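Everything below concerns the one structure shown next.
When a ligand or atom number is given, it counts from 1 through the structure's own listing order. The structure displayed is predicted, hence computed values, not measured ones.
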Amino acid sequence: MKIIACYSNKGGVGKTATAVNLAHALAARGQRVLLCDLDPQGASGFYFRVKPSKKLKDARFFQDVARFTAAIRASDFDRLDILPANMSFRDFDVFLSRMKNRRSRLKQALASVGGDYDVIVLDCPPNISTLSENVFRAADAVLVPVIPTTLSERSFDQLLAFFRDHGLPRKKILALFSMAQGAKRLHGETMQRMRAAQGKRFLDVVLPFSTEIEKMGQHRAPVATFARSRALAEAYDRLAQEVLARL
Ligand SMILES: Nc1ncnc2c1ncn2[C@@H]1O[C@H](COP(=O)(O)OP(=O)(O)O)[C@@H](O)[C@H]1O
Ligand SMILES: [Mg+2]
């Protein structure tokens with residue numbers, strides 16, 4: 001079992017869109033996938049039409065395997081299950097900080113269901129906290145969507161610095177250009193510069209800006225299931241292939 005965390009210290013960069021469509025693409029490729037929605041806003045659960053579970057509302061959640069597995073829901077797609085978020089994830093940091101081994105608690109909980117899945121995808125909230133340290137320790141790959149603009153470049157450098165300062169393995173970080181607009185000179189130049197600076201850290205596939213992604217909210221389904229053009233479905237499938245090859 002491998003764990004892929006869709007993470008960024010910045011909001012609105014495409015973490016949820018990536019988590020949802022990557023999870024769907026991996027399952028379509030035959031992988032058994034669990035998508036865990038760790039963002040209290042619950043967007044990835046919403047996209048899969050899965051309601052939050054009331055059972056998650058207390059601190060025993062990560063200690064009690066039965067509680068954790070009882071909260072997992074089937075999706076409408078073969079081989080793809082969802083652990084929906086709950087507003088109590090807001091309190092995650094509070095109770096994680098009260099636990100022993102608090103920085104590896106998430107890793108232990110995920111290992112307990114690991115036998116049932118080939119890949120676990122985590123949709124993360126955009127902050128650096130005890131929860132994110134848990135995420136960095138649990139994950140085999142930290143997949144970071146980066147919009148090719150100057151501000152995103154700064155946030156990405158801050159994330160690399162955080163990993164360095166906390167002795168976390170930077171080789172876990174896989175970066176991915178998201179919402180790229182080919183016609184914009186700034187986007188093209190930023191992608192070139194960042195690729196040159198970061199070497200192999202960036203994946204080859206680039207996720208294009210597309211209004212089809214916005215429509216996921218209306219369809220409440222992964223983009224590959226309804227988009228007229230195959231371009232996005234193919235991009236997420238290439239992403240799935242590249243991520244699997246890197247793990
Ligand atoms: N490739 C894309 N093209 C166009 N819009 C996108 C794309 N990816 C995400 N979006 C839109 O941008 C907003 C933020 O995306 P989301 O995945 O929710 O980001 P995050 O989880 O990082 O906050 C959403 O409204 C989403 O529909
Ligand atoms: Mg999100």
* Asked: Considering only heavy atoms from C-beta outward, does the side chain of Leu203 approach that of Phe177 to under 4.5 Å?
  -> no
* Structure fact -> In this structure, NE2 of His24 is separated from OH of Tyr47 (nearest 0.5 Å) by 15.0 Å
* Which heavy atom in Lys15 sits nearest to a heavy atom in Pro126, and how many Å separate them? -> NZ-CB, 3.8 Å
* **Shortest heavy-atom approach to atom 22 (O) of ligand 1 - which of Gln181, Gln41, Lys15, Met216** => Lys15
* N/O separation below 3.5 Å, Thr18 to ligand 1 -> no
* Asked: Does Pro208 reach ligand 1, in the sense of a heavy atom lying below 4.0 Å from it?
  -> yes
* Asked: When you look at CD of Gln192, are more than 12 heavy atoms from neighbouring residues, nucleotides or ligands closer to it than 6.0 Å?
  -> no
* Asked: Below 4.5 Å, heavy atoms only, C-beta onward: do Leu207 and Asn21 meet side chain to side chain?
  -> no
* So is Ser178 close enough to ligand 1, meaning a heavy atom under 4.0 angstrom away? -> no
* Asked: Passes salt bridge (charged side-chain N to carboxylate O under 4.0 Å, His left out), Arg238 versus Glu234? Steps please.
  -> CA-CA 6 Å; Arg238 278 205 306 281; Glu234 280 163 16; 5.1 Å; no
* Structure fact -> Among non-hydrogen protein atoms, atom 8 (N) of ligand 1 lies closest to Ile213 CG2, 3.5 Å
* Structure fact -> Candidates Gly14, Cys124, Gly12, Ser210; heavy atom nearest atom 3 (N) of ligand 1 found on Ser210
* Do the side chains of Arg201 and Leu160 get nearer than 4.5 Å, heavy atoms only? -> yes
* Do the ring planes of Tyr7 and Phe136 sit parallel (below 30°), tilted (30 to 60°) or perpendicular (above 60°)? -> perpendicular
* Could you give me the CA-CA distance, side-chain angles and deciding distance for Arg185 and Glu189, then say whether salt bridge (charged side-chain N to carboxylate O under 4.0 Å, His left out) is met? => CA-CA 6 Å; Arg185 210 174 82 193; Glu189 286 172 1; 3.0 Å; yes
* Tell me, please: is Leu207 in heavy-atom contact with ligand 1, that is, under 4.0 Å? => no
* Hey, is CZ on Arg154 packed in by over 12 heavy atoms from elsewhere, all under 6.0 Å? -> no
* Which residue and non-hydrogen atom of the protein lie closest to atom 18 (O) of ligand 1, and at what distance in Å? -> Thr16 CB, 3.9 Å
* Of the protein's non-hydrogen atoms, which lies at the shortest distance from atom 11 (C) of ligand 1, and what is that distance? -> Glu214 OE2, 3.6 Å
* Asked: Within the structure, does Lys10 bring an N/O atom to less than 3.5 angstrom of an N/O atom in ligand 1?
  -> no
* Asked: For ligand 1, which atoms, with element, lie under 4.0 Å from some heavy atom of Ala17?
  -> 8 (N), 9 (C), 17 (O)
* To do: For Phe209, take its heavy atoms, then give the atoms of ligand 1 lying under 4.0 Å from any of them.
  => 3 (N), 4 (C), 5 (N)
* What atoms of ligand 1 come closer than 4.0 angstrom to any heavy atom of Val13? -> 19 (O), 20 (P), 22 (O)
* Minimum-distance protein heavy atom relative to atom 13 (C) of ligand 1 -> Met179 CE, 4.5 Å
* To do: Measure from the Mg ion (ligand 2) to each N, O or S atom of Thr16 and report whether any distance is below 2.8 Å.
  => yes
